[in-house]
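Okay, structure first, notes after.
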Amino acid sequence: MIKNFIQELKWRGMLHDCVPGTEEQLTKEMTIGYIGFDPTADSLGVGNLVQIMTLLHFQRAGHKPIALVGGATGMVGDPSGKSQERNFLSEEVLQHNLNCQKKQLEKFLDFESGVNSAEIVNNYDWFKNFTFLEFIRDVGKHITINYMMAKDSVQKRMDTGMSFTEFSYQLVQGYDFYYLWKHKGVKLQMGGSDQWGNIVTGTELIRRKDSGDAFALTTPLIKKADGTKFGKTEGGNIWLDAKRTSPYQFYQFWLNASDEDSKNYIRIFTLMTQAEIEAMEAEHAKAPNFRILQKALAKDITIRVHSETDYNAAVEASEIFFGKGTIEQLKSVSQRGDFLDILREAGVPSFQIGALDIKNGINIVDFVAEKTKIFSSKGEARKMIQAGGVSINLNKISDVNLIVNNDYLLPNSYILIRKGKKEYSMVNVVG
RNA sequence: GGGGAGAUAGCCAAGUGGCCAAAGGCAACAGACUGUAAAUCUGUCCUCUUCGGAGUUCAUAGGUUCGAAUCCUAUUCUCCCCA
């Protein structure tokens, strides 16, 4: 049962370009396609999620997806989009990254669906015994320097310089495609639009070496409506690994998407149908303040990347933090034994303070800047308080001389501090 | 190898003896408005501060001067042109 993958990508806004004949190939038969992942970090980020979703849609359309982790290519370094020569990663780091990414990928695809089960391969497996001489004779011979030089990724580096290693990258990646085509019957390589050059080097190699036919398809680079880069916030990258980006932060990232962006995101990052999405958009337009799209988006992705439990904790924490949360609600919910765990799970940083300090009363500035490290200096804390940027137990404070004492303790002996608009910390009383 | 231009805060960029902790822009952070959105407006934006100030900066190391981002010397790095 094969669905039209190309049409699917099109309405989702996930198709940037493809080689002529790709659609015919995909409607004709079950096709094996792959996408490569670069092991630059030990977790994939939301940027990689686009490629993961592409593979998932590919599989759901009835085709067989292969995720390739770049054990070999990661050793070389892709020059695409880079203005400078890359630093090598050590082999242990590379291996570690590879394993972590592999585990993450396994979460998304279906590895037990018969003929079109997903697979994960590592290109190091076919490169490790490939000697340099063999490579330049068997592969290098078929691609001219002129062809390689014409590539955008190479042209951009002509002024600043580029090592032979990075220059060779496209051949190495090109050979991946050839190898998979030859040995696994792979006919399609997909990737971000920045990969176009590398991908067609592969199709070219297949054509010249074996007169074979292979196809290429790319997805557009995702940008936010304001033109800034997708997947980054003030805290840096948004990762799929809960250790790097807590499920709460992850949920918040999607929930904070602008109206404009959420329309694109919901098409790309969820499996909802066109009808479902359009109905939701209509509803959203009626009452944008309910942020129906953002909530649906955040729910869908958080559950898929993390879990239902994580999602519920994230929502609960969000409601207390940003809902019409009053101090009474905060108090009542704090009585629950598991609430502190929810906060912790949400990635709310926690600090400790001695019971005696609180009992005697402590100046708010000392409290947030000295006894705890919520602020890095007293001056900063004072400025922030004066600007109205600090809340204690959901109440905004403005007095820098405020004394914090036992009256401020919530059930289960803690105090909730908000710094700025979205950053919460909890302070636990110990001893 | 020869000639030229340059290095200023997270980034871009002005400043060519004192009025310089250094214009302006971007980014970031906070506030107001809102919907935890976008846009807009306001404030902060080297570090610390008892908000009076104090300390450390303009590639690096020396020097001239009452006083240096600014002048001199050496060094390192970057870019451009010629061979």
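Heavy-atom basis, side chains included; hydrogens, waters and symmetry copies ignored. Naming convention: chains lettered A, B, ... in sequence-line order (proteins, then strands); numbering from 1 in each chain.
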Should A/Arg12 and A/Glu8 be marked as a salt bridge (Lys or Arg N to Asp or Glu O under 4.0 Å) after you check the CA-CA gap, both sets of side-chain angles, and the distance that decides it?
CA-CA 6 Å; A/Arg12 287 185 188 273; A/Glu8 177 86 14; 2.9 Å; yes

Starting from the C-alpha separation in whole Å, work towards a yes-or-no answer on side-chain hydrogen bond (donor to acceptor under 3.5 Å, both in side chains) for A/Asn412 and A/Ser334.
CA-CA 7 Å; A/Asn412 275 315; A/Ser334 296; over 6 Å; no

Go through the steps to decide whether A/Gln195 and A/Asn198 satisfy the test side-chain hydrogen bond (donor to acceptor under 3.5 Å, both in side chains), and finish with yes or no.
CA-CA 5 Å; A/Gln195 290 299 308; A/Asn198 291 333; 3.1 Å; yes

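We find that OH of A/Tyr248 is positioned 12 Å from P of B/U36, with the value rounded to whole Å. Rounded to whole Å, the distance from CG on A/Asn256 to C1' on B/A38 is 12 Å. Nucleotide B/U36 holds its P atom 9 Å from the CZ atom of A/Phe322, rounded to whole Å. Residue A/Gln294 contributes atom CD, which lies 11 Å from atom C1' of B/A38 at whole-angstrom precision. Counting to the nearest Å, the P atom of B/U36 and the CD1 atom of A/Ile292 are 14 Å from each other. Look at CD1 on A/Ile374: it is 17 Å from C1' on B/A30, rounded to the nearest Å. Separating the CH2 atom of A/Trp254 from the P atom of B/A37 is a distance of 18 Å, rounded to the nearest angstrom.
We find that A/Arg267 and A/Glu281 are joined by a salt bridge, their nearest charged nitrogen and carboxylate oxygen being less than 4.0 Å apart.
When both distances must be under 3.5 Å, the Watson-Crick or G-U wobble mate of B/A61 is B/U73. Using N1 to N3 plus N6-O4 or O6-N4 for Watson-Crick, or N1-O2 and O6-N3 for G-U wobble, each under 3.5 Å, B/C11 pairs with B/G25. Nucleotide B/A5 forms a pair with B/U78, judged by Watson-Crick or G-U wobble geometry with both contacts under 3.5 Å. In this structure, B/U16 makes no Watson-Crick or G-U wobble pair, since no nucleotide meets both defining distances under 3.5 angstrom. B/A32: Watson-Crick or G-U partner is B/U40, with both key distances under 3.5 Å. Under the Watson-Crick and G-U wobble criteria, each requiring two contacts below 3.5 Å, nucleotide B/C48 is paired to B/G53.
A search for ring-ring contact (aromatic ring centres under 6.0 Å, His included) contacts involving A/Phe5 returns A/Phe58, not counting sequence neighbours.
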Could you run through nucleotides 47-55 of chain B and give me one letter per nucleotide, 5' to 3': B if any protein heavy atom sits under 4.0 Å from the base, S if only the sugar-phosphate is that close, - if neither?
-SBSB----

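Note: A/Phe164 and A/Phe167 have tilted aromatic rings, judged against thresholds of 30 and 60 degrees for the angle between ring planes.
Among the heavy atoms of the strands, none lies under 4.0 Å from A/Ser262. As judged by a 4.0 angstrom heavy-atom cut-off over every strand, A/Lys295 is placed among residues making no nucleic acid contact.
At least one side-chain heavy atom of A/Leu271 sits under 4.5 Å from a side-chain heavy atom of A/Leu56. Annotation: side chain of A/Ile320 is in contact with side chain of A/Phe339 (closest heavy-atom distance under 4.5 Å).
Looking at residues 301-311 of chain A, you'll see that no heavy atom sits under 4.0 Å from any atom of RNA chain B.
The side-chain tip of A/Lys419 points at the ring of A/Phe375 from less than 6.0 angstrom away and within 45° of straight on.
Ranked by how close their nearest RNA chain B nucleotide is to the 5' end, A/Ser258 and A/Ala387 are led by A/Ala387.
Residues A/Asp310 and A/Ser307 have side chains that bring a donor and an acceptor to within less than 3.5 angstrom of each other.
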